[in-house]
Amino acid sequence: MTTYCGIDCCKDCSRASECGGCEKCKGHPFGGSCIAERNRHFDQLKRELIDEINDLRIEGLAITDLFLLNGSYVNLEYPLANGTTVKFLKNQDIYLGNQIEREGSERCFGVVADETFILVCEYGCNGSNPEIVLYKRR
């Protein structure tokens, strides 16, 4: 499928048949917004985010790459101290993110970011029991 930004992300997307690719959805996959399509200097933004995340110096968290991820895939529901839960992302948007297994643990770090924020969380198998490690505006 042809993309506006030149990144062949459709080949790795399990939901590509729902979206139809950039040309069909006119650069708004799933009706949302895509970080790659919004940024003319996407590779530079990606490198900056990787550096910023590693500079947080969160023990056990080191990333070398970020991938385009659909919000519905990474939009976990986080419990708050007052007993309510909250989601921070838009299911229809495309973000940059990665999952990093924690050495010696059954839990993983999840990282999601765009031009305006960085979210680092920790969770168990299939996103169970998510906890916010850090939410930072950029």
Side-chain angles (χ1 to χ4, degrees):
M1 291 182 202
T2 305
T3 62
Y4 286 154
C5 64
I7 299 169
D8 191 10
C9 50
C10 295
K11 69 177 173 46
D12 296 325
C13 181
S14 63
R15 298 182 59 207
S17 62
E18 295 172 49
C19 167
C22 285
E23 286 200 352
K24 182 177 180 184
C25 69
K26 299 192 181 349
H28 297 282
F30 312 105
S33 180
C34 177
I35 188 170
E37 198 276 322
R38 287 192 310 266
N39 290 277
R40 292 186 57 189
H41 303 286
F42 176 71
D43 289 334
Q44 178 181 339
L45 172 63
K46 187 174 164 179
R47 284 190 304 276
E48 288 172 3
L49 283 167
I50 290 169
D51 290 343
E52 281 182 52
I53 293 163
N54 287 327
D55 286 348
L56 295 170
R57 307 224 187 285
I58 296 171
E59 188 176 337
L61 176 63
I63 63 168
T64 56
D65 205 355
L66 292 169
F67 305 95
L68 293 169
L69 299 171
N70 183 258
S72 66
Y73 182 70
V74 294
N75 197 10
L76 301 178
E77 197 166 316
Y78 300 97
L80 301 178
N82 66 5
T84 62
T85 57
V86 65
K87 289 184 173 191
F88 290 103
L89 308 177
K90 294 179 182 176
N91 285 347
Q92 69 274 17
D93 285 356
I94 307 297
Y95 300 93
L96 280 170
N98 202 341
Q99 174 177 288
I100 298 86
E101 293 183 17
R102 297 201 59 190
E103 191 172 321
S105 174
E106 292 185 12
R107 294 179 63 79
C108 294
F109 282 117
V111 177
V112 179
D114 73 5
E115 308 93 323
T116 63
F117 75 91
I118 296 171
L119 171 64
V120 179
C121 67
E122 183 182 307
Y123 49 82
C125 187
N126 295 317
S128 65
N129 303 313
E131 297 176 16
I132 299 168
V133 175
L134 174 125
Y135 183 88
K136 177 185 176 207
R137 288 181 163 234
R138 293 187 71 233

* For the student: nearest non-hydrogen atoms of Glu59 and Phe109, plus distance -> O-CZ, 3.5 Å
* To do: For Arg38 and Ser33, test the side chains for any donor-to-acceptor distance below 3.5 angstrom and give the result as yes or no.
  => yes
* Between CD of Gln99 and SG of Cys108, what distance do you get to the nearest 0.5 Å? -> 4.0 Å
* **Any donor-acceptor pair under 3.5 Å from Arg107 side chain to Glu122 backbone** => yes
* Asked: Going through the distances and angles, do Tyr78 and Leu119 end up as a side-chain contact (heavy atoms from CB on, under 4.5 Å)?
  -> CA-CA 12 Å; Tyr78 300 97; Leu119 171 64; 3.6 Å; yes
* With side-chain contact (heavy atoms from CB on, under 4.5 Å) as the test, would you mind laying out the steps for Ile35 and Lys46 before giving the verdict? => CA-CA 10 Å; Ile35 188 170; Lys46 187 174 164 179; over 6 Å; no
* Asked: If you draw a 6.0 Å radius around CG in Asn82, do more than 12 non-hydrogen atoms from other residues or ligands fall strictly inside?
  -> yes
* Looking at side-chain heavy atoms only, is the closest gap between Glu52 and Ile118 below 4.5 Å? -> yes
* Closest approach of Ile50 and Thr64, non-hydrogen atoms and distance? -> CD1-O, 3.7 Å
Check: residues 127-136 side-chain donor-acceptor pairs under 3.5 Å, at least two apart:
| residue | atom | partner | partner atom | Å |
| --- | --- | --- | --- | --- |
| Ser128 | OG | Cys125 | N | 3.4 |
| Ser128 | OG | Cys125 | O | 3.1 |

* Tell me, do Ile53 and Ile58 make a side-chain contact under 4.5 Å, heavy atoms counted? -> no
* Please identify each residue that fulfils side-chain contact (heavy atoms from CB on, under 4.5 Å) with Gln44, with sequence neighbours left out. => His41, Arg47, Glu48
* To do: Verify side-chain contact (heavy atoms from CB on, under 4.5 Å) between Leu56 and Leu61, making sure each step is shown before the conclusion.
  => CA-CA 9 Å; Leu56 295 170; Leu61 176 63; 5.7 Å; no
* **Stepwise side-chain contact (heavy atoms from CB on, under 4.5 Å) test for Leu96 and Phe42** => CA-CA 10 Å; Leu96 280 170; Phe42 176 71; 3.8 Å; yes
* **Closest approach of Asn70 to Ile94 (non-hydrogen atoms, all atoms of both residues)** => ND2-CD1, 3.4 Å
* Which heavy atom of Leu69 sits nearest a heavy atom of Asn98, and at what distance? -> CD1-N, 4.0 Å
* For Glu77, side-chain contact (heavy atoms from CB on, under 4.5 Å) partners two or more places apart -> Thr85, Lys87
* Flag, side chain of Arg138 to backbone of Glu115, donor-acceptor distance under 3.5 Å -> yes
* Asked: Does any non-hydrogen side-chain atom of Val111 lie less than 4.5 Å from one of Ile100?
  -> yes
* Asked: Is there a donor-acceptor pair under 3.5 Å between the side chain of Tyr95 and the backbone N or O of Lys90?
  -> yes
* Any donor and acceptor pair, going by atom type alone, linking the side chain of Asp114 with main-chain N or O of Phe117 inside 3.5 Å? -> yes
* Are Asn91 and Asp93 close enough that some pair of their side-chain heavy atoms sits under 4.5 Å apart? -> no
